[in-house]
2 protein chains.
Amino acid sequence: MSKEQHPVGGSKTAAAPGPGRPRAFDEAEALEKALCVFWHKGYETASVDDLTKAMGLSRSSFYGAFGNKQDLFHQALSHYSRRALKTLRAVADAGGDDPVGAMMEALANPQGGRDGCMLINCLTELAPHDDEVAALGRQHLESIDEIIAKALEPSDPGRALDKARAYASLAIGTLALRKAGVPGERISQTLKQARSVISP
Amino acid sequence: MSKEQHPVGGSKTAAAPGPGRPRAFDEAEALEKALCVFWHKGYETASVDDLTKAMGLSRSSFYGAFGNKQDLFHQALSHYSRRALKTLRAVADAGGDDPVGAMMEALANPQGGRDGCMLINCLTELAPHDDEVAALGRQHLESIDEIIAKALEPSDPGRALDKARAYASLAIGTLALRKAGVPGERISQTLKQARSVISP
DNA sequence: GTGTTTTCGGACTAAATAGTCCAAAATTAA
DNA sequence: TTAATTTTGGACTATTTAGTCCGAAAACAC
């Protein structure tokens, strides 16, 4: 009488083998595929059919492993946030003489191409009606500020956080341009101009 | 044999009386109600039932007057854009000694409260899959830049547009904070800090 | 092997969705 | 009044939606 255990979210690493038939799919891979669908289509527009097809799962496996569409989405978004912040830190470390510029470029031109930043997309679509998404969004944005501030501290310890917030909002604001179809090249240019105009 | 004429979008002012029963509702008012629903719920989540209920129309009147859900949406969004730009110009004119600050404040704290700026919302939700929305978005964002640039020209004619773009992106970027539930007061504060840090 | 546990495929359900259709009522022009 | 034209209410349809259920197959422990 053991019902509805969908251990993907529960166990940090691969669960103990245990008895019974093992999963025929890689949960992390499936989550990644779902992430792509949500990223590209948004939450509402992504149907369970879209998701299962992209993930290569039957509905049974889907619901058995991830609970339901909303649970899966929260897992995917949380995963996205962690990975995006990790990437941002890596960009800062590899940014050479201008880590802040490199980070702004990374924020303004995310991997998703025309799809922009998944977290900002989902914040816009869902946050006013989904407290969990709103909370994750606040946390994510705050983390971005802190990562940028850390890079600014050596040169301007007093106002590092305020500056970081300004740079972050500036970069995130340009995501609207990307959504509107302005080519990435022109966005980078705009960003550089903005920065040169900002710290003269 | 005259079919499917839904003249709301066609005629600038009230249509000529003509023969037949006149509309029992005010088209502009109905559009305004629809606008509120789209603003609050987004395009996909707003059902035709939601819309007709808010507009006080039967389905016949709805489809007869506005074509279909997508047409209505485009009309509403276009109306929103015109009105928002008009408001922004008014804010600039009434901005006293700091029109740019007043405009940024208006952009960052739009009328929709927690719902943010409808145009940015819809750009985020739809632009990658709806060219008309993308085009309207580009146009709107460009107009914002120009309005701000006009206010900057007297003091810095050379780089007015570049500065304007930076300020606009900065203000628009803070909309993400609003979506995430950060209170408007703190956003205004952040915006002021950012500005002071930007032009020292 | 045997028994137990779990996954899997896919048919199924109930609800919501956008959009259509038609008869009845309302209005105007003559 | 009469004829023409339009709006209106609401029933209706076809499709899509998220989620459930069950028998069969697969893999483990022993």
Side-chain angles (χ1 to χ4, degrees), chain A residues 1-8 10-11 14-27 29-31 34 37-38 41-76 126 129-130, chain B residues 1-11 14-31 34 37-38 41-76 126 129-130:
Chain A
M1 205 176 273
S2 59
K3 280 193 176 179
E4 56 173 296
Q5 72 283 23
H6 20 85
V8 166
S11 54
R21 182 173 167 182
R23 294 231 156 95
F25 59 94
D26 183 311
E27 292 141 5
E29 259 178 55
L31 188 66
V37 174
F38 283 128
K41 305 197 74 173
Y43 178 76
E44 285 294 339
T45 313
S47 72
V48 174
D49 270 359
D50 291 333
L51 291 164
T52 52
K53 194 172 278 188
M55 300 161 86
L57 299 187
S58 73
R59 284 177 111 76
S60 298
S61 306
F62 177 88
Y63 283 102
F66 297 101
N68 58 33
K69 183 184 170 185
Q70 188 168 241
D71 286 349
L72 170 64
F73 171 73
H74 286 141
Q75 292 174 46
L126 303 170
H129 306 96
D130 184 332
Chain B
M1 205 179 274
S2 59
K3 280 193 177 180
E4 55 173 296
Q5 72 281 24
H6 20 85
V8 166
S11 54
R21 181 175 169 180
R23 292 234 158 94
F25 59 94
D26 183 311
E27 294 141 4
E29 260 178 54
L31 186 68
V37 174
F38 282 130
K41 306 197 73 171
Y43 178 77
E44 286 294 339
T45 312
S47 70
V48 174
D49 269 0
D50 291 333
L51 291 165
T52 52
K53 193 171 279 187
M55 300 161 86
L57 299 187
S58 73
R59 285 177 111 74
S60 296
S61 307
F62 178 88
Y63 284 103
F66 297 101
N68 59 33
K69 183 184 169 184
Q70 187 168 243
D71 286 349
L72 169 64
F73 171 73
H74 284 141
Q75 292 174 45
L126 302 171
H129 306 97
D130 184 331

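These numbers come from a predicted model, not from an experiment. Protein chains get the first letters and strands the later ones, always in sequence-line order, with residue 1 at the start of each.
- With sequence neighbours left out, A:Ser60 forms a side chain to side chain donor-acceptor pair (under 3.5 Å) with no residue at all.
- The aromatic rings of A:Tyr43 and A:Phe38 sit parallel to each other, their planes meeting at less than 30°, with 60° as the upper class boundary.
- In this structure, the CG atom of B:Asp50 is 12 Å from the P atom of C:dA16, given to the nearest Å.
- Remark: A:Ser61 engages A:Ser58 in a side chain to side chain donor-acceptor pair (under 3.5 Å) (not counting sequence neighbours).
- Evaluation of the salt bridge (Lys or Arg N to Asp or Glu O under 4.0 Å) rule for A:Lys69 yields no partner, not counting sequence neighbours.
- A straight line from NZ of A:Lys53 to P of C:dG9 spans 15 Å, rounded to a whole angstrom.
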For nucleotides 20-23 of chain D, print each protein N/O atom paired with a nucleotide N/O atom at under 3.5 Å, atom names and distance only.
residue, atom, partner, partner atom, Å
D:dC21, N4, A:Ser60, OG, 3.3

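- Across the protein-nucleic acid pair, B:Asp49 atom CG and D:dG10 atom C1' stand 12 Å apart, rounded to whole Å.
- One interatomic measurement links the two molecules: CZ of A:Arg23 to C1' of D:dC28, which rounds to 15 Å at whole-angstrom precision.
- Base contact: B:Ser58 has a heavy atom under 4.0 Å from a base atom.
- Nearest nucleotide to the side chain of B:Asn68, out of D:dT17, C:dT17, C:dG19: C:dG19.
- Within the structure, every pair that satisfies the salt bridge (charged side-chain N to carboxylate O under 4.0 Å, His left out) test and touches residues 52-61 of chain B, not counting sequence neighbours, is listed here: B:Asp49-B:Arg59.
- As a whole-Å value, the separation of A:Met55 CE from C:dC8 C1' is 15 Å.
- Side chain of B:Ala24, nearest nucleotide from D:dT8, D:dA18, C:dG9: D:dT8.
- With sequence neighbours left out, B:Thr45 forms a side chain to side chain donor-acceptor pair (under 3.5 Å) with no residue at all.
- Distance CG (B:Asp71) to C1' (C:dG19): 13 Å, rounded to an integer number of Å.
- Going from atom CZ of B:Phe25 over to atom P of D:dT7 covers 8 Å, rounded to whole Å.
- In this structure, CD on B:Gln70 lies 8.5 Å from CG on B:Leu126, to the nearest 0.5 angstrom.
- In this structure, A:Phe62 places its CZ atom 10 Å from C1' of D:dG19, rounding to the nearest Å.
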